[in-house]
*Asks:* 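First the structure, then my questions, so here it is.
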Amino acid sequence: MDDPAAVRDLRALTDGFGRRIDYLRVSVTDRCDLRCSYCLPKDFKGFETPANWLTHAEMARLIGLFVALGVGKVRLTGGEPLLRRGVADLAAAIGAMPGVSDLSVSTNGTQLARHARALRAAGVTRLNVSLDTLDADAFSRITGRDCLTDVLAGLAAARDAGFAPIKLNSVVHAATPQAHVRRLLDYAVAQGFVLRLIEPMPMGTCGQGMRHTDLNALGATLAAEAGLIPAMPVAGGASGQGSVRQAGSGPGPARYWTAGHGAPVLGVITPMSRHFCAACNRVRLGVDGTLYLCLGQEDQVPLGRMLRAGATDAELTRAILAGIASKPERHDFQEKPERIVRFMAQTGG
Ligand code: SAM
């Protein structure tokens, strides 16, 4: 800490509201093989043209600049990241960067069975898998595809490959049958997964068509029924929401319940009913290298365009620093739900 350069580095990615930004989510493709009702329209035509997709080398270069500025956590997401050819190689390149302490993937699980081992071997430790229901008909209605069994096979393969933790991300809105959520919780407990219920955000026309319900209340009810207790909050956690620190990760936006052994079992992520922007520690990189500073605002930096126009690492670093300095304080999802026309899959969830 005596080294002035080290001190400077630690402060490098602090935004205008004093938040330390140490987490980068990278959308490695905006394509997806599902069309979840709250995420992407069935007939969506607005995908990025392949010529603008950053190559693995270009992505690694940009990610390396963030890592040099103190980012230690990287998540690969999308679209559906496992549709990107060679995604495990990209993961290995990121995992090998000195300074990356936590490498994770968010996936819908449809392709997970054949990728799980390679991702684990590449150094990915944590997985988030989207799963909204265990009812096959409801799954098909929500996602537009009849492939629940593929997702369950993917989850089994991920567990066998040694991922820990495996979190099930489940978007729960006002019309979601509570019986489906209870069944998911029973499944998560039986399998040793963590179930996280997520309020839908009004992103794009799909997200804007969803009515959220207060998941703090639902989480508390389900937890009480299942005999779970609130997990210990971490000082500096998300807005006093009882975030817990877990192996390999800092406090995140979720509020958790545990069976008493400390490890989370059930969590809620409540961007609508109780947002956690004050503790935001992340930014997102789109498949074309656009840096998105907030899920719920349009502020962005065209790092990919700059890179392809020949920007040096120093110029890109300056653009990253300027972007982080201007990161918005919070989203306006409640006040201006019509504001964000981008779909979640475009930004990288
Ligand atoms: N395909 C990958 C997956 O399923 O995890 C990664 C991308 S997906 C956009 C990431 C997460 O965003 C998923 O858990 C999905 O359920 C969630 N999501 C999509 N649209 C959302 C919305 N409008 N509000 C809240 N979460 C949303």
Side-chain angles (χ1 to χ4, degrees), residues 25-42 44 47 74-84 87 91 104-112 115 119 124 126-133 138-139 142-145 147-148 150-151 154-155 158 163 166-176 180-181 184 193-213 215 252-254 267-273 275-276 282 284-287 292 294-296 331 333-334 337-349:
R25 292 187 170 212
V26 183
S27 173
V28 298
T29 176
D30 58 351
R31 309 295 160 114
C32 192
D33 52 349
L34 301 184
R35 292 290 181 273
C36 297
S37 52
Y38 45 79
C39 188
L40 207 53
K42 285 199 168 35
F44 186 66
F47 292 111
V74 179
R75 175 177 294 278
L76 302 184
T77 178
E80 173 44 42
L82 304 192
L83 296 184
R84 173 91 188 210
V87 66
S104 57
V105 168
S106 285
T107 173
N108 62 27
T110 60
Q111 319 283 321
L112 188 53
H115 285 284
L119 288 174
V124 179
R126 301 191 299 116
L127 271 187
N128 288 0
V129 181
S130 299
L131 184 60
D132 294 336
T133 179
F139 183 94
I142 294 169
T143 66
R145 265 191 68 195
C147 60
L148 174 63
D150 295 340
V151 176
L155 279 163
F163 287 97
I166 296 173
K167 295 179 183 165
L168 305 179
N169 280 347
S170 193
V171 172
V172 173
H173 53 91
T176 303
H180 288 195
V181 188
L184 276 172
F193 301 148
V194 184
L195 176 65
R196 304 196 311 170
L197 314 179
I198 304 175
E199 291 173 356
M201 291 173 275
M203 298 191 66
T205 48
C206 288
Q208 287 163 8
M210 293 288 148
R211 205 159 55 81
H212 74 274
T213 183
L215 292 185
V268 292
I269 300 180
T270 57
M272 304 304 290
S273 63
H275 76 78
F276 33 82
R282 62 201 60 188
R284 293 170 166 83
L285 205 55
V287 66
Y292 295 100
C294 172
L295 258 191
H331 66 67
F333 284 142
Q334 287 282 19
E338 72 295 340
R339 185 180 166 94
I340 298 302
V341 295
R342 303 190 302 272
F343 294 93
M344 186 71 145
Q346 291 171 282
T347 313

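First listed ligand is number 1; within each ligand, the first listed atom is number 1.
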*Asks:* Enumerate the residue pairs fulfilling side chain to side chain donor-acceptor pair (under 3.5 Å) with a member in residues 75-84, sequence neighbours excluded, ordered by first and then second residue.
*Replies:*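 Side chain to side chain donor-acceptor pair (under 3.5 Å) check on residues 75-84 returns Tyr23-Arg75, His56-Arg84, Arg75-Ser104, Arg75-Ser106, Glu80-Thr107, Glu80-Asn108.
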
*Asks:* Just to verify, what does Phe343 make a ring-ring contact (aromatic ring centres under 6.0 Å, His included) with, not counting sequence neighbours?
*Replies:*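 For Phe343 the ring-ring contact (aromatic ring centres under 6.0 Å, His included) partners, ignoring immediate neighbours, are Phe44.
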
*Asks:* Identify the two heavy atoms, one from Ser273 and one from Glu199, that lie closest to each other, and give their separation to 0.1 Å.
*Replies:*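 So the minimum-distance heavy-atom pair works out to OG-OE2, 2.6 Å.
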
*Asks:* With a 4.5 Å cut-off on side-chain heavy atoms, are Leu82 and Asp33 touching?
*Replies:*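 Not touching, per the 4.5 Å side-chain cut-off.
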
*Asks:* Please confirm whether the backbone N or O of His275 pairs with a side-chain atom of His331, one donor and one acceptor, at under 3.5 Å?
*Replies:*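 No.
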
*Asks:* Test of understanding: with salt bridge (Lys or Arg N to Asp or Glu O under 4.0 Å), list the residues that count as partners of Arg211, not counting sequence neighbours.
*Replies:*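 Testing Arg211 for salt bridge (Lys or Arg N to Asp or Glu O under 4.0 Å), a comparison that skips the adjacent residues, returns none.
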
*Asks:* Anything with a heavy atom under 4.0 Å from ligand 1 counts, so go ahead and list those protein residues by chain and number.
*Replies:*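 Protein residues near ligand 1 are Tyr38, Cys39, Thr77, Gly78, Gly79, Glu80, Ser106, Thr107, Asn108, Ser130, Asn169, Val171, Glu199, Pro200, Met201, Gly207, Met344, Gly349.
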
